[in-house]
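Below is one structure, written out as C-alpha cells; the observations come after it.
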Amino acid sequence: MEGRYDRQILLPEIGKEGQARLAAARVLIVGMGGLGSPIATYLAGAGVGTLGLVDNDVVSITNLHRQVLYGAADMGVPKVQCARRRLLDSNGDIHVETYQCLFSKENAAELVSGYDIVVDGTDNFEARFAISDACSQQGKPYVYGAINGLEGQVSVLCMGMATYRTIIDEDEARTMPHPGKAVIGVTPAMVGTVEASQVLQLICHYGEPLIDRLWTIDLRTLQTHIVNL
C-alpha cells in the first residue's frame, strides 16, 4: 500500500531522512491570507510536523478569489480556525496550532520562540520588522515574501548578514503607502509557493536557499531576477 509521502521520498533531495526532518519541524506562518494560504497548504501537504498559524482577521467575500483555504461558508469565521480545519482535513498526520491575534513587537519574541522557521504571509511593514527583529535575536530563519499587484519578491533573512532592515529602512517605511489592495490571485499563489519551497529547502538541506539574496518576479513579463543583498 502506498504511503502519503512516497512520491516525494523518491526525490534524492528528500528521501526518508528529509521526510523525518519535515515531520520534526515546527514552522510559524504569520498571516493567513493570499500568501499564507499556499504556504500552509504545501507545507501541510509535505508533512511539516507542526504548523503555527497567526492571524487576527475573519474571512470576507473579497478574500475568496485568492485565499484558497476558504469558501463562502467560512465568511465571518476567524481565518486561523478555518485554515486549521482545512489543513487537518488534507493531512491528519500533522499538528496545527493557532494564534488569533495581531503579530506585533509586543508578542513577537514569545510567538517565534516555539518554532524553527518563521514564514511571512503578512501585508504590512510593522509585522515584518517585528518578525525580522525576533528572528535575528533568536537565530531563526525568516522566509520573507511580499507582493504588489503583479510583482512579488522572496528572500531568506536572519541567517547570514541580511535582515528585513537590509531591504528597507524603518523610517522610510513609515512614509511609504500601503502596497494597496489591487491583486489577482496568481500573484500570491506563485510567491507563497516559492516561500514554501524555501522552507522545504531549509528543513531538508538541499539546493541553494535565498540566504542574503532577493528573488523578484514580474508576472506581466515573467522576468525574474536574483539580487545579492
Side-chain angles (χ1 to χ4, degrees), residues 13 21 25-31 33-36 38-40 42-43 48 51-52 54 102-179 187-219 223-229:
E13 291 85 355
R21 290 180 181 274
R26 295 178 58 85
V27 177
L28 184 69
I29 305 169
V30 183
L35 290 171
I39 294 167
Y42 287 108
L43 293 184
V48 172
L51 295 177
V54 184
L102 186 70
F103 191 97
S104 67
K105 60 183 180 180
E106 285 75 26
N107 61 16
E110 181 180 359
L111 289 170
V112 168
S113 66
Y115 293 87
D116 307 316
I117 300 171
V118 183
V119 195
D120 186 354
T122 69
D123 64 355
N124 67 87
F125 298 118
E126 293 81 4
R128 290 181 178 132
F129 283 117
I131 296 170
S132 181
D133 291 348
C135 285
S136 182
Q137 291 163 6
Q138 298 183 29
K140 306 285 179 72
Y142 167 26
V143 178
Y144 156 73
I147 62 169
N148 184 7
L150 291 164
E151 300 174 358
Q153 55 185 220
V154 175
S155 183
V156 177
L157 305 172
C158 305
M159 285 193 73
M161 298 297 292
T163 70
Y164 185 57
R165 296 177 185 278
T166 308
I167 297 176
I168 186 169
D169 179 76
E170 189 168 12
D171 291 333
E172 180 185 357
R174 291 193 183 99
T175 65
M176 293 178 65
H178 189 280
T187 310
M190 291 191 71
V191 173
T193 302
V194 172
E195 289 186 81
S197 177
Q198 292 295 295
V199 173
L200 299 180
Q201 286 185 251
L202 292 172
I203 294 171
C204 296
H205 302 168
Y206 67 85
E208 299 180 10
L210 292 165
I211 298 170
D212 287 348
R213 299 184 297 156
L214 182 70
W215 171 86
T216 67
I217 186 167
D218 185 335
L219 293 181
Q223 285 188 312
T224 64
H225 302 278
I226 295 180
V227 180
N228 291 321
L229 295 175

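These numbers come from the heavy atoms of this one structure, side chains and all, not from hydrogens, waters or symmetry mates.
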| query | When rounded to the nearest 0.5 angstrom, what distance separates CD1 in Ile211 from CG in Asn228? | reply | 12.5 Å

| query | Tell me, do Val156 and Tyr142 make a side-chain contact under 4.5 Å, heavy atoms counted? | reply | no

| query | Can you name the nearest heavy-atom pair linking Pro209 to Gln201, along with the distance? | reply | N-NE2, 3.6 Å

| query | So, the side chain of Asp212 versus the backbone of Leu229: is there a donor-acceptor pair under 3.5 Å, distance only? | reply | no

| request: Spell out, as yes or no, whether a donor-acceptor pair under 3.5 Å connects the side chain of Arg26 to the backbone of Leu51. | output: no

| remark: All heavy atoms of Cys135 vs all of Val112, minimum pair found to be SG-CG1, 4.3 Å

| said: Hydrogens and angles aside, do Glu195 and Gln198 bring a side-chain donor and acceptor to less than 3.5 Å of each other? | reply: no

| said: I'd like to know if the side chain of Gln138 and the backbone of Ala109 have a donor-acceptor N/O pair within less than 3.5 Å. | reply: yes

| request: For Tyr42 and Ala196, work out which heavy atoms get closest and say how close. | output: CB-CB, 4.2 Å

| query | Going by atom types alone, do Tyr144 and Gln153 pair a side-chain donor with an acceptor below 3.5 Å? | reply | yes

| message | Taking the basic N atoms (NZ, or NE/NH1/NH2) and the acidic carboxylate oxygens, is any pair closer than 4.0 Å for Lys140 and Asp116? | response | no

| Reported CG-to-CG distance for the pair Leu111 and Leu28, which is rounded to 0.5 angstrom | 6.5 Å

| note | Distance col, row Thr187:OG1 vs Leu150:CG, nearest 0.5 angstrom, shows 4.5 Å

| said: So Val191 and Leu35, do their side chains get closer than 4.5 Å, heavy atoms only? | reply: yes

| field | Heavy-atom side-chain proximity of Ile29 to Val118 below 4.5 angstrom | value | no

| task | For the residue pair Ser132 and Cys158, establish whether any side-chain heavy-atom pair is separated by less than 4.5 Å. | result | yes

| note | Residue pairs meeting ring-ring contact (aromatic ring centres under 6.0 Å, His included), one or both in residues 194-215, sequence neighbours left out, come to none

| query | For the residue pair Val154 and Leu210, what are the closest heavy atoms and their distance? | reply | O-CD1, 3.8 Å

| message | Counting C-beta onward and ignoring hydrogens, is there a side-chain heavy-atom pair between Leu202 and Met159 closer than 4.5 Å? | response | yes

| Under 3.5 Å, is there a donor-acceptor pair between the side chain of Asn107 and the main chain of Ser104? | yes

| query | Out of curiosity, Gln223 CD to Thr216 OG1, how far, rounded to the nearest 0.5 Å? | reply | 9.0 Å

| Do the non-hydrogen side-chain atoms of Glu208 and Arg213 ever get within less than 4.5 Å of each other? | yes

| query | For Thr122 and Asn124, does a side-chain donor sit closer than 3.5 Å to a side-chain acceptor? | reply | no

| query | Would a distance-only check, ignoring hydrogens and angles, find a side-chain to backbone donor-acceptor pair under 3.5 Å from Asn148 to Glu151? | reply | no

| request: Taking all heavy atoms of Ser136 and all of Thr163, pick out the closest pair and write down the distance. | output: OG-CG2, 4.3 Å

| Contact summary for Ser155 and Leu214, nearest pair of heavy atoms | CB-CD1, 3.9 Å

| Do you know which of Arg165, Lys105, Arg128 makes side-chain hydrogen bond (donor to acceptor under 3.5 Å, both in side chains) with Asp133? | Arg165

| request: Side-chain contact test, heavy atoms from C-beta onward, threshold under 4.5 Å: evaluate it for Ile167 versus Leu157 and give yes or no. | output: yes

| query | Side chains of Val27 and Tyr115: does their closest heavy-atom pair fall under 4.5 Å? | reply | no

